[in-house]
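Here the structure is laid out as structure tokens; the discussion comes afterwards.
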Amino acid sequence: MEPPQESAAGGRKRRRRGGARNRRKLSSSSQQAPPFPEAAPPPPSSPPSKRRRKDGTGQATATPKRGSTSSLLDKMRARLSGGHFRMLNEKLYTCSGQDAFDYFKNDPTLFDVYHTGYQEQMSHWPEQPVNVIINWLKSHNTSWTVADFGCGNAAVAKNVKNKVFSIDLVSDDPSVIACDMAHTPLDQSSVDVAIFCLSLMGTNYPSYLEEANRVLKPGGWLVIAEVRSRLDPNNGGADPEKFSKAIIQLGFSLVSKDMKNKMFILFYFRKKEKSKVAKSIDWPQLKACIYKRR
Ligand code: SAH
């Protein structure tokens with residue numbers, strides 16, 4: 001852990017310099033390509049408190065404000081949970097859905113750590129894909145039944161009139177179905193819209209789309225938002241054409257693709273009325289959005 005970086009005299013100052021060195025090391029390691037590449041750095045820390053007073057000896061000393069101690073603790077906590085978030089994020093992108101499910105089942109509190117970090121990252125995006133999808137749903141039929149695969153904090157269900165099955169690895173909300181989304185309890189051909197908003201994380205992501213295909217009615221919509229860098233062949237990401245082609249082979253037609261957002265791509269597919277799954281589908285590997293190790 002980094003030493004405290006608070007303002008005070010003497011030894012504290014020495015440790016602060018060490019801390020600055022460590023921070024430099026950290027920031028050079030964060031040339032890592034983050035999952036949310038454009039995420040802004042955390043707001044600059046407030047300047048150290050240097051309330052000077054004369055003590056009995058007439059020497060000026062600096063004392064930390066009580067507020068600065070708690071904001072320092074907050075900063076340290078934020079740093080720790082940021083690291084924890086990155087670790088969990090990497091885990092989710094590099095294991096199967098079943099392993100992720102078992103992992104969070106063992107310690108469901110990790111899910112809150114993940115989502116606190118996730119929301120922090122997302123708050124820096126100019127536009128949140130989940131809001132684009134919510135607006136799309138609002139502009140369509142409210143009688144459509146929706147399945148939100150990898151719902152996170154269930155923003156879709158909370159913001160539309162439709163009936164929504166919210167699905168995620170962990171649920172502390174009775175309306176969220178906790179399962180590995182490769183195997184949901186939903187009935188076959190029972191939903192009109194399947195959403196994957198930044199949730200094709202597991203190494204077995206095609207099995208999530210196969211599950212969506214199973215639960216979607218013929219003619220149903222498959223809406224996918226994915227991090228742009230995962231589908232950027234110039235940066236080691238998958239070819240978006242190859243990704244679409246694989247989904248078409250699963251029995252869908254591509255209705256439209258929205259590339260105008262800086263951070264994510266949106267795909268709108270519809271399940272064919274008479275859909276037929278191709279014998280073998282060449283699924284591209286989606287680049288994991290992880291921080292590089294030092
Ligand atoms: N769709 C939400 C949350 C995106 S974060 C939003 O846009 O705000 C990705 C979510 O997918 C996480 O909550 C993660 O737990 C979930 N997820 C990833 N793999 C999963 C799996 N195999 N089964 C269920 N949920 C999964």
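Just so you know, these numbers use all the heavy atoms, side chains as well, and skip hydrogens, waters and symmetry mates. Predicted model only: the values in this text are computed from it and were never measured.
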Exercise for the section: Sequence neighbours left out, what passes side-chain contact (heavy atoms from CB on, under 4.5 Å) with Glu241? Give chain and number order. Expected result: Asp239, Lys257
Handout entry: Verdict with reasoning, Leu110 to Val170, per side chain to side chain contact (heavy atoms under 4.5 Å, CB included)
Key = CA-CA 10 Å; Leu110 296 179; Val170 171; over 6 Å; no
Problem - Main-chain N/O of Leu209 paired with Asn213 side-chain donor or acceptor, under 3.5 Å - result: no
Exercise for the section: Determine the minimum heavy-atom distance between Cys95 and Ala100, stating which atoms define it. Expected result: SG-N, 3.6 Å
Exercise for the section: Count the heavy atoms of every other residue, nucleotide or ligand shown that sit under 6.0 Å from CD of Glu127, and state whether that count exceeds 12. Expected result: yes
Exercise for the section: Could you tell me whether Lys245 atom NZ has more than 12 heavy atoms of other residues or ligands within 6.0 Å of it? Expected result: no
Practice task
Working to the nearest 0.5 Å, report the span between OG1 of Thr109 and CG of Asp172.
Solution key: 11.0 Å
Handout entry: salt bridge (Lys or Arg N to Asp or Glu O under 4.0 Å) pairs, two or more places apart, involving residues 204-218
Key = Asp192-Lys217, Glu211-Arg214
Practice task
Measure the OH-OH distance between Tyr205 and Tyr93 for me, rounded to the nearest 0.5 Å.
Solution key: 13.0 Å
Exercise for the section: Kindly indicate, with the supporting measurements, whether the criterion side chain to side chain contact (heavy atoms under 4.5 Å, CB included) is fulfilled by Val223 and Val193. Expected result: CA-CA 7 Å; Val223 181; Val193 184; 4.2 Å; yes
Practice task
Could you grab the distance from atom CG of Asn261 to atom CD of Gln128, nearest 0.5 Å is fine?
Solution key: 11.5 Å
Exercise for the section: Flag the pair Ile195 / Val156 as yes when at least one side-chain heavy-atom distance between them is below 4.5 Å, and no otherwise. Expected result: yes
Handout entry: Connected via hydrophobic side-chain network under 4.5 Å: Ile133 and Met259
Key = no
Exercise for the section: Answer whether the closest heavy-atom distance between the side chains of Asp99 and Tyr103 falls below 4.5 Å. Expected result: no
Problem - Hydrophobic cluster membership, Ile134 vs Leu198, 4.5 Å side-chain cutoff - result: yes
Completion exercise
d(Tyr268 OH, Asp258 CG) to nearest 0.5 Å is 6.0 Å
Problem - Flag side-chain contact, heavy atom, 4.5 Å: Ile281 against Pro206 - result: no
Practice task
Please work out which of the three classes, parallel, tilted or perpendicular, describes the rings of Phe196 and Phe149, given edges at 30° and 60°.
Solution key: parallel
Practice task
With the side chain counted from C-beta on, respond yes when Leu186 and Ile167 share a heavy-atom pair under 4.5 Å apart, and no when they do not.
Solution key: yes
Practice task
Determine yes or no for a side-chain-to-main-chain donor-acceptor pair under 3.5 angstrom, with Asn153 supplying the side chain and His115 the backbone.
Solution key: no
Exercise for the section: Sequence neighbours left out, what passes ring pair (Phe, Tyr, Trp, His ring centres under 6.0 Å) with Phe165? Give chain and number order. Expected result: none
Exercise for the section: Would you check if Lys158 and Val164 make a side-chain contact, meaning some heavy-atom pair closer than 4.5 Å? Expected result: no
Problem - Connected via hydrophobic side-chain network under 4.5 Å: Phe252 and Trp221 - result: no
Handout entry: Enclosure of His140 NE2 (heavy-atom neighbours >12, cutoff 6.0 Å)
Key = yes
Handout entry: Ring geometry between Phe104 and Tyr114 (parallel below 30°, tilted from 30 to 60°, perpendicular above 60°)
Key = perpendicular
Practice task
Say whether Trp136 and Ile247 are linked into one hydrophobic cluster, either directly or through other cluster members, by side-chain heavy-atom distances under 4.5 angstrom.
Solution key: no
Problem - Ile265 and Glu226, any side-chain heavy atoms less than 4.5 Å apart - result: no
Problem - Backbone N/O of Cys151 and side chain of Asp168: donor-acceptor pair under 3.5 Å - result: yes
Handout entry: With Lys105 via salt bridge (Lys or Arg N to Asp or Glu O under 4.0 Å) - residues at least two apart
Key = none
Handout entry: Connected via hydrophobic side-chain network under 4.5 Å: Met263 and Phe85
Key = yes
Practice task
Considering non-hydrogen atoms only, spot the tightest contact between Ser229 and Cys289 and give its length.
Solution key: OG-SG, 4.4 Å
Practice task
Grab the two heavy atoms, one from Gln98 and one from Asp180, that are nearest each other, plus how far apart they are.
Solution key: N-OD2, 3.4 Å
Practice task
First locate atom NZ of Lys272, then atom CG of Leu250, and finally report the distance between them rounded to the nearest 0.5 Å.
Solution key: 10.0 Å
Problem - Contact summary for Ala155 and Val130, nearest pair of heavy atoms - result: CB-CG2, 4.2 Å
Exercise for the section: Can you see which heavy atom on Ala246 is nearest to which on Trp283, and at what distance? Expected result: CB-CE3, 3.4 Å
Fill in the blank from the handout: Sequence neighbours excluded, the answer for ring pair (Phe, Tyr, Trp, His ring centres under 6.0 Å) partners of Phe264 is none
Handout entry: For Thr142 against Lys161, the heavy-atom pair lying closest together
Key = CG2-CB, 4.1 Å
Exercise for the section: Take Leu92 and Leu169 through the side chain to side chain contact (heavy atoms under 4.5 Å, CB included) test and state the conclusion after the steps. Expected result: CA-CA 11 Å; Leu92 284 171; Leu169 293 166; 3.7 Å; yes
Practice task
Please lay out, stage by stage, how Met122 and Trp125 fare under the test side chain to side chain contact (heavy atoms under 4.5 Å, CB included).
Solution key: CA-CA 5 Å; Met122 294 306 290; Trp125 285 30; 3.6 Å; yes
Handout entry: Validation row, ring centre Phe243 to ring centre Phe267 under 6.0 Å
Key = yes
Handout entry: Beyond-backbone contact of Val160 with Trp144, side-chain heavy atoms, under 4.5 angstrom
Key = no
Handout entry: Spatial distance of atom NZ (Lys287) from atom CG (Leu231) [nearest 0.5 Å]
Key = 10.0 Å
Exercise for the section: Consider only side-chain N and O atoms of Ser171 and Asp173, and report whether a donor and an acceptor are under 3.5 Å apart. Expected result: no
Handout entry: Results of salt bridge (Lys or Arg N to Asp or Glu O under 4.0 Å) for Asp187 - residues two or more places apart only
Key = none
Exercise for the section: May I ask you to test the Arg230-Leu200 pair for a side-chain heavy-atom distance under 4.5 Å? Expected result: yes
